[in-house]
> 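So that we are looking at the same thing, I have put the structure below in structure tokens.
Each chain gets a letter, A, B and so on, in the order its sequence line appears, and its residues count up from 1.
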Amino acid sequence: MRALSFSRALALAAIVLGLLFALLSTTANHALMDFVIRLASLAIFATSLNLLAGYGGMVSFGHGMFYGFGAYFFALTMQRAGVSIPVAIVASILGSALLAAIVGVICVRLKEIYFSFVTLAFQMLIHATILAAMPLTGGDQGLRGGVPRPPFLGLNLSNQKQLCMFSAFLLIVCLFAMHHVVSSPFGATLRMTRDNADRAAYLGIAVDRVRLKAFIIAAVFASIGGLLQALFVSGAYPDFAYWTVSGEGIFVIMLGGTTTFLGPLLGSVLMLLLNDFVSRFTEYHGLALGSVILVVALGLRKGVGDFVVDWLSARSEADASERTKTTEAAS
Amino acid sequence: MSAASVIKAPVIQARELEVFYSTSQILFGVDLDVLEGQTVALLGRNGAGKSTTMKAIAGLAPPRRGSVRLNGLELTGRRPDVAARAGLGYVPEDRQIFPDHTVEDNLLIARKKGPGGRMDWPLDRLFETFPLLHPLRKRIARRLSGGEQQLVAIARALAGNPIALLLDEPSEGLAPIIVQRIAETLHKLRAEGLTILIAEQNMHFCLGIASHALVIDKGQIVYRDTIQGLKANEDVRRRYLAM
């Protein structure tokens, strides 16, 4: 697999942002803007889940709790504390890190399916708490009254165009940050605990501590995905913290692939396109999505991103052996 | 051995270890001491409890009863990484090298300070002690022979600057010629004054390396002597070690 160098990735990101900006200045395509905002939210969430599940081997069925928590924490902070958006973002990050530390201390000691189900249990606990805490959260009606979006640094996020640019920017920042995490020595250690926890342990690594750190980092990014959603819909709903959000995350990383860093981003694009396209024709879009995941899981036996990367590397290897053959034949 | 233990405190000390894998008991009260600078062979047949004893000492198979101490430090119930940082180097039976990394990276990954910040084994000293690995240092570990991989696993354990080394069946499944090389390497380590516990089926492998022998059978130590004493004791060998 050829990894993009940092400077190239940065240049690519700048080009994407520039193109998006140019596109938005010429046309005010609301469907496109909505798409970008929803994509940013979903892709940050899915990539953070992949950090945990793909790189850490911790398949959380409850990762959505941090998405929902981030959305509520952010929206409530904006409504009640009257602070600026960046301050509320930082507060949400700290809040979800704290929640993740508490949930994580209990969960990361567990292995495999036990980890998955206990995270799911915590998710349902958070969901039930949101429903029960009527005066604070509005219960099953969701948090109403809108999320105030006071301008900051010359940005007015009530303006959809600016929210769209902000989301795209945030997505890119989060992707760079998460990529930095997985390619750092910490990321290598995390993969080491995933591949063989005993080996990591007898070489002196405190495995649970590494897993806890990864759990907290992933939760922080999931909460950023959630707060972006809260900014987008100007509210927060119990559905954001329901287990189906976690399920959708798993779906996305399976669709996009877990072995490449950008697999979940690709999965998010496919997921949203599928969702929008299918639900235009039928209300049974679950049926169509289920069929697609079956085809991907049983047909490709890996995510689309994994498939593309494997295909590219197989082709370049074939090219290389072809070239050696021709040089051999020539000599 | 009992007379010596009055004078020198054991570096590795296990007392009445009882280990269970879920409901089946594997170890029934294992006692062992390895004194500083000693090399002790733990001999026994397949399934006698050698690997489990090693894992129990390393913290990978927590004992239900009994205790493990390293240089007097209580390790019972502590995690394997605590044991590792306390100075225990563990070489597993199946070696568990990092197959996709180079030999050098395998050693660098495991590098850490030993207890008290000691750095006895910098990379160049490791290659000095394992001259076979030096020309292979840029080689991907997967492509090495079994014996070379075993050397990598031992060198990797040393890279963590341990005070005691646990080797689980280092000669298992290897060709006689490379087994000889591993024996030579271990002999060198012994000469360096390292404290070593070797679990083995092959007594002959241990003859030139270990000073003392423990024979384990059905989860209990059934015989303790010098390795020469064991060699001379045909009855014990036939009863517990013959294949």
Side-chain angles (χ1 to χ4, degrees), chain A residues 1-3 54-58 104-115 181-215 257-261 302 306 309-310 313-314 316-317 320-321, chain B residues 51-52 54-62 68 70 75 78-101 105-115 121 141-142 149 152-168:
Chain A
M1 196 187 100
R2 280 161 300 171
Y55 290 88
M58 288 174 272
V105 159
I106 297 163
C107 293
V108 298
R109 304 154 159 272
L110 303 167
K111 301 281 171 307
E112 291 151 16
I113 198 76
Y114 304 99
F115 171 83
V181 170
V182 300
S183 51
S184 69
F186 172 77
T189 311
L190 180 64
R191 289 195 297 277
M192 190 167 152
T193 64
R194 171 198 68 187
D195 292 343
N196 185 338
D198 275 353
R199 175 175 58 190
Y202 70 69
L203 292 177
I205 290 162
V207 174
D208 288 351
R209 211 169 303 162
V210 173
R211 285 162 61 93
L212 179 61
K213 275 186 202 162
F215 193 82
T258 55
T259 62
T260 51
F261 178 75
K302 49 192 155 191
D306 303 334
V309 167
D310 287 353
S313 63
S316 67
E317 257 170 48
S321 65
Chain B
S51 285
T52 304
M54 302 302 250
K55 284 183 181 154
I57 295 169
L60 293 162
V68 175
L70 182 71
L75 286 181
R78 310 295 299 273
R79 294 187 317 259
D81 57 288
V82 176
R85 286 195 299 270
L88 203 65
Y90 173 68
V91 182
E93 194 175 2
D94 53 355
R95 306 191 271 267
Q96 301 187 355
I97 54 158
F98 295 94
D100 300 329
H101 292 270
D105 283 347
N106 264 273
L107 305 183
L108 290 176
I109 288 167
R111 198 166 53 161
K112 64 172 169 54
K113 285 191 180 124
W121 293 96
R142 189 209 331 251
Q149 293 187 3
V152 171
I154 298 170
R156 183 182 65 184
L158 289 174
N161 296 292
I163 50 176
L165 207 54
L166 301 178
L167 296 157
D168 198 353

> No hydrogens needed, just list the donor-acceptor pairs between chain A and chain B under 3.5 Å.
residue  : atom : partner  : partner atom : Å
A:Asn196 : ND2  : B:Gln96  : OE1          : 3.3
A:Arg199 : NH1  : B:Gln96  : O            : 3.3
A:Arg199 : NH1  : B:Ile97  : O            : 2.9
A:Ala201 : O    : B:Asp81  : N            : 3.3
A:Tyr202 : OH   : B:Gln96  : OE1          : 3.0
A:Tyr202 : OH   : B:Arg156 : NH2          : 3.0
A:Gly204 : O    : B:Arg85  : NH1          : 2.7

> Between B:Ile97 and chain A, with a heavy-atom cut-off of 4.5 Å, which part of the residue counts as in contact: side chain, backbone, both or neither?
backbone
> With sequence neighbours left out, write down each residue that passes side-chain contact (heavy atoms from CB on, under 4.5 Å) with B:Ala164, or none if nothing qualifies.
B:Val11, B:Ile12, B:Leu70, B:Leu88, B:Thr195
> Who wins among B:Pro92, B:Ala83, B:Pro162 for the most heavy-atom pairs under 4.5 Å with chain A?
B:Pro92
